[in-house]
Amino acid sequence: MKILVCIKQIPTSDININDSGKWITEGNNSSLAISRFDENALEEAILLKERFALLGISVDIDIISIGSQTAAESIKRAMGMGADNGIHVITEDKGYVSGAVTALRLATMIKKISKAENIIKMGDAPYSCCPYDLILTGIMSEDLMQAQVGPMLAEYLNIPCVTSVVNIKFDDNLNDNVDITDKIEVQRELEGGIRQNIKVKLPALLTIQAGINQPRYPSLSNILRANKKKILTYNIVDAQSSNSFDPLKVVRVEYPEKKREAKLLNGTTKDKAIELKNILKQRGLLI
Amino acid sequence: MNTKTILVIAEYLDGKLNPITDELIACAIEITKIFDLKAKDISGVKAISEIKVIHVKGINPLESEKYKSSLVPIIREINPSFILMGHTSQGIDVASGLSVRLGCNCITGVNKIIYPEYVDVGKSEDSKSNILFSRLVFKGKCNAIVGVEKPENITLLTIQSGSFYIKDCCKEYNNIISNEEYYPSNVDDSTISLIEYGDIAYSRTTKSKLNEAKVIVAAGRGIGDKENIEYLKKMAACFTGSAVAGSRPLIDMGWLPYEQQVGITGAIVSPELYLAVGISGSSQHIAGMKDSKFIVSVNKDPNAAIFNFSDISIVEDCLSFIQAFIDNIP
Ligand SMILES: Cc1cc2nc3c(=O)[nH]c(=O)nc-3n(C[C@H](O)[C@H](O)[C@H](O)COP(=O)(O)OP(=O)(O)OC[C@H]3O[C@@H](n4cnc5c(N)ncnc54)[C@H](O)[C@@H]3O)c2cc1C
């Protein structure tokens with residue numbers, strides 16, 4: 001069984017709007033990490049691998065990331081957590097990339113890597129050509145927050161998609177005595193904690209919501225194993241298809257307008273604490 | 001000049017109309033205003049746009065693969081300039097995939113429609129090219145102002161809830177709004193047979209004790225550690241009728257029980273005082289607490305989005321501040 005997890009490296013430091021007003025700059029404490037929802041997707045893949053192993057089914061986890069040189073660190077981290085292979089598509093695109101572009105690039109790469117033909121042609125129902133049984137992404141990235149890449153990638157590959165997955169079940173399938181590599185049962189989350197039960201035939205794409213698991217830390221043995229492995233590296237031109245121009249453009253970025261006064265308290269920590277206390281007393285919120 | 005159609009896809013759950021639908025209509029009216037402004041500039045004609053609200057019946061919208069397939073022919077027939085759906089769990093499930101099937105533009109999480117100043121009015125008959133859309137990025141810290149490269153294509157938008165409201169002045173647009181029901185038949189798609197939609201489980205309690213609290217002291221990831229929830233409790237103890245709550249990640253990590261989650265997938269609260277410590281202010285969290293009477297936020301990042309929704313902003317390390325607050329209570 002083969003699982004692909006799509007991960008994105010994002011800045012976790014405080015960000016500010018840059019001087020041109022067209023994009024952002026990362027703060028002094030610049031640091032990068034795997035977007036949180038993607039990390040949940042990765043952990044879920046590893047959990048699947050472990051549970052399948054108990055049943056004597058081997059699972060191979062590939063990681064793919066489109067990103068700058070530094071994204072290699074995130075791929076290594078993913079392998080340190082337990083993924084088997086890494087694929088890095090290097091691009092220096094830093095600004096806004098719409099979901100349609102990323103999804104098409106991923107689809108192009110998947111096709112290229114597997115050499116499966118036609119998987120990007122829609123309507124031909126060539127779902128059996130998808131080289132992966134399961135593709136997992138985060139529900140959205142923490143930086144651009146579009147929630148587009150997963151569902152769009154599924155369309156390009158012509159496989160079914162379930163978004164906001166908070167649970168992947170096994171036991172029911174086992175009792176049914178059906179082939180668990182054929183169909184899985186998942187729960188997706190709606191507003192207010194409502195859940196929808198869905199059975200989906202593989203190959204399928206799931207976008208993973210936080211709360212499904214607690215991502216583990218990389219283990220030393222996995223890191224050592226990962227260091228010995230080569231990450232498959234491609235250039236972004238390899239992922240280009242004929243129509244991969246970006247349908248969206250960002251004109252500028254702005255700080256949102258203030259909905260309330262946002263009165264800023266000044267002075268030392270203690271000054272602020274005392275001032276807040278007085279404000280709350282005046283309003284009868286503190287006795 | 002052609003009439004532009006703005007298509008609103010009414011959202012249903014369990015056969016009941018979701019309130020987001022009103023916000024979609026309010027957003028459609030905003031777009032209409034821009035069209036009409038432009039049309040006036042060009043030819044003095046008013047109302048060149050119409051708003052069509054469609055209610056798709058006889059199909060469960062939660063069966064999203066089926067729903068997507070049934071929407072495609074309806075949309076092709078109507079051929080709108082814009083399609084509006086909610087940026088809700090349903091919208092997220094359907095919109096992006098639908099846009100690929102339609103080959104159209106797709107912008108998710110739109111919170112504002114912008115008519116830019118620098119537009120060369122009258123040059124192009126197509127006023128759509130001039131409309132820009134605002135959507136949150138970076139945990140809600142800033143808005144990216146986005147335009148489409150090919151305005152002649154359909155543009156599908158998912159609308160952030162809480163961004164557009166039906167106001168009194170919307171009444172004058174009633175005559176251009178029509179409602180229509182659709183009963184799709186013979187939905188045909190290869191992926192439908194691959195997916196089986198089961199029942200809905202209301203497994204988690206939907207009632208929250210938070211609704212009774214006068215004061216809510218809520219923490220986010222900025223609190224740093226599970227142990228530090230103790231500080232939070234101590235701070236809450238300074239108030240009468242108080243409760244402790246958290247942003248979703250704290251519940252996901254098991255630091256607090258689900259009943260104490262505030263936000264779109266948790267409790268919607270409006271206490272006398274909401275004290276947010278170490279919460280960034282993502283739209284999903286804001287949706288759960290923005291109607292609180294008085295909001296105080298503590299965050300180390302002066303640009304944190306939560307400050308835009310706060311009466312009082314305190315830029316501090318949250319633990320030091322909590323300590324100072326507790327120490328200075330007589
Ligand atoms: C479909 C969907 C539904 C969701 N539903 C909800 C929901 O119901 N409720 C919800 O809350 N979220 C929800 N989320 C998650 C949401 O998108 C955010 O990820 C989440 O709200 C962020 O929580 P946070 O503010 O605690 O963490 P972060 O965004 O990580 O913010 C932490 C904040 O703490 C500050 N900070 C860090 N260290 C310190 C320090 N020492 N002192 C002071 N401040 C510090 C940082 O500056 C930052 O602003 C949902 C997401 C999705 C996709």
Side-chain angles (χ1 to χ4, degrees), chain A residues 14-17 24 96 99-100 125 142-148 151-152 154-156 160-161 163-164 189-201 210-211 214 247-256 258-265 269-270 272-274 276-277 279 283 285-286, chain B residues 62 65 88-89 92-93 96-97 100-101 105-109 132 136-139 141-150 190-191 194-204 206 239 249 252-253 264-265 272-273 294 296 301 303 307-314 316 320-321 324-325 328:
Chain A
D14 300 347
I15 56 109
N16 295 297
I17 294 177
I24 55 103
Y96 197 89
E142 280 188 281
D143 54 353
L144 300 188
M145 312 199 301
Q146 298 183 99
Q148 291 184 342
M152 286 178 168
E155 288 296 327
Y156 287 127
C161 171
T163 58
S164 193
E189 188 190 48
L190 314 179
E191 284 78 8
I194 303 171
R195 291 175 175 209
Q196 181 185 16
N197 294 309
I198 296 174
K199 281 192 190 130
V200 59
K201 202 169 149 59
Q214 294 302 328
L248 309 181
K249 55 165 188 255
V250 167
V251 184
R252 60 179 185 274
V253 280
E254 295 174 351
Y255 290 115
K258 289 203 182 334
K259 303 277 183 199
R260 298 196 185 202
E261 188 193 346
K263 181 175 153 63
L264 189 67
L265 304 191
T269 312
K270 189 177 167 185
K272 291 175 194 172
I274 291 170
L276 177 64
K277 209 185 72 178
I279 292 170
R283 302 185 70 92
L285 294 165
L286 195 66
Chain B
L62 292 184
E65 291 292 345
T88 54
S89 60
I92 287 174
D93 205 39
S96 307
V100 172
R101 293 192 194 184
N105 303 314
C106 182
I107 309 177
T108 39
L132 296 173
L136 290 170
V137 288
F138 295 99
K139 299 178 178 177
K141 219 152 117 188
C142 34
N143 279 313
I145 311 301
V146 187
V148 300
E149 293 282 4
K150 287 193 175 169
S190 56
T191 45
L194 308 176
I195 189 159
E196 230 177 281
Y197 295 94
D199 51 345
I200 286 180
Y202 295 85
S203 57
R204 293 166 136 193
T206 37
F239 302 92
D252 289 341
M253 292 185 289
I264 195 151
T265 45
E272 298 294 320
L273 169 64
F294 199 65
V296 177
D301 174 7
N303 291 324
F307 290 138
N308 298 323
F309 299 88
S310 304
D311 297 287
I312 304 287
S313 306
I314 299 164
E316 276 289 335
S320 321
F321 184 79
F325 189 86
N328 288 288

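Chain letters run A, B, ... following the sequence lines, proteins first and then strands; every chain starts at 1.
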Check your understanding: With a 4.5 Å heavy-atom cut-off, do A:C161 and B:E65 have their side chains touching?
Key -> yes

Check your understanding: For the side chain of B:N143 and the backbone of A:E254, is there at least one donor-acceptor N/O pair under 3.5 Å apart?
Key -> no

Point to revise | Engaged part of A:I274 at the chain B interface, taking heavy atoms whose separation is under 4.5 Å | key: side chain

Practice item. Using the side-chain contact (heavy atoms from CB on, under 4.5 Å) rule, take A:Q196 and B:S89 through it: C-alpha gap first, then chi angles, then the decisive distance, then the call. Key: CA-CA 11 Å; A:Q196 181 185 16; B:S89 60; over 6 Å; no

Point to revise | Most chain A-contacting option - heavy-atom pairs closer than 4.5 Å, from B:D93, B:D301, B:I264 | key: B:D93

Exercise for review: Quick one: closest heavy-atom pair of B:E272 and A:L285, and the distance?
Suggested key: CB-CD2, 3.6 Å

Review point. Does the side chain of B:F138 come within less than 4.5 Å of A:V253's, by heavy atoms?
Key: no

**Study point:** Interface moiety of B:D311 toward chain A, non-hydrogen atoms closer than 4.5 Å
**Key:** both

Check your understanding: Using a cut-off of under 4.5 Å for heavy-atom pairs, which of A:P151, A:G99, A:A210, A:P256 has the most such pairs with chain B?
Key -> A:P256

Practice item. Indicate yes or no: at least one non-hydrogen side-chain atom of B:N303 is less than 4.5 angstrom from one of A:N16. Key: yes

Review point. Can you find a heavy atom in the side chain of B:I145 that is under 4.5 Å from one in the side chain of A:V250?
Key: no

Check your understanding: At a heavy-atom separation under 4.5 Å, does B:V146 approach chain A through its side chain, its backbone, both, or neither?
Key -> both

Check your understanding: Highest number of heavy-atom pairs under 4.5 Å with chain B: which of A:K259, A:K270, A:K258, A:Q148?
Key -> A:Q148

Point to revise | Validation row: B:L62, A:L190 side chains within 4.5 angstrom (heavy atoms) | key: yes

**Study point:** Side chain / backbone / both / neither for A:S164 at chain B, heavy atoms under 4.5 Å
**Key:** neither

Study note, to complete from the structure: Here the gap from B:F321 atom CZ to A:L276 atom CG, rounded to the nearest 0.5 Å, amounts to 4.5 Å

Check your understanding: Where is the tightest heavy-atom contact between B:I195 and A:P160, given as atom of each residue plus distance?
Key -> CD1-CB, 4.4 Å

Check your understanding: For chain A, which of B:G198, B:S310, B:A324, B:A144 has the most heavy-atom pairs under 4.5 Å?
Key -> B:S310

Check your understanding: Below 4.5 Å, heavy atoms only, C-beta onward: do B:C142 and A:I15 meet side chain to side chain?
Key -> yes

Check your understanding: So which heavy atom on B:T265 is nearest to which on A:E191, and how close?
Key -> CG2-CA, 4.3 Å

Check your understanding: Looking at B:V100 and A:E155, what are the two nearest heavy atoms and their distance?
Key -> CG1-CB, 3.6 Å

Review point. At a heavy-atom separation under 4.5 Å, does A:A154 approach chain B through its side chain, its backbone, both, or neither?
Key: neither

**Study point:** Verdict with reasoning, B:E316 to A:L265, per side-chain contact (heavy atoms from CB on, under 4.5 Å)
**Key:** CA-CA 10 Å; B:E316 276 289 335; A:L265 304 191; over 6 Å; no

Point to revise | Best-contacting candidate, B:S320, B:P249, B:G109, B:C106, against chain A by heavy atom pairs under 4.5 angstrom | key: B:C106

Review point. With a 4.5 angstrom heavy-atom cut-off, which part of A:Y255 approaches chain B: side chain, backbone, both or neither?
Key: both

Exercise for review: Identify the two heavy atoms, one from B:K139 and one from A:M145, that lie closest to each other, and give their separation to 0.1 Å.
Suggested key: N-SD, 3.6 Å

Review point. Closest approach of A:T163 and B:I92, non-hydrogen atoms and distance?
Key: CG2-O, 4.2 Å

Practice item. Without swapping roles, check the side chain of B:S96 against the backbone of A:M152 for a donor-acceptor pair under 3.5 Å. Key: no

Revision key, fill the gap. Checked B:F325, B:F294, B:F309 vs chain A; the most non-hydrogen pairs under 4.5 Å come from B:F294

Exercise for review: Answer with side chain, backbone, both or neither: which region of A:A100 has an atom nearer than 4.5 Å to a non-hydrogen atom of chain B?
Suggested key: neither

Revision key, fill the gap. Comparing B:D199, B:L273, B:I107 against chain A, the one with the most heavy-atom pairs below 4.5 Å turns out to be B:D199

Review point. Has the side chain of A:K272 got a donor or acceptor atom that lies under 3.5 Å from a matching backbone atom of B:I314?
Key: no

Point to revise | Interchain contact, A:Q214 with chain B, by part (heavy-atom threshold 4.5 Å) | key: side chain

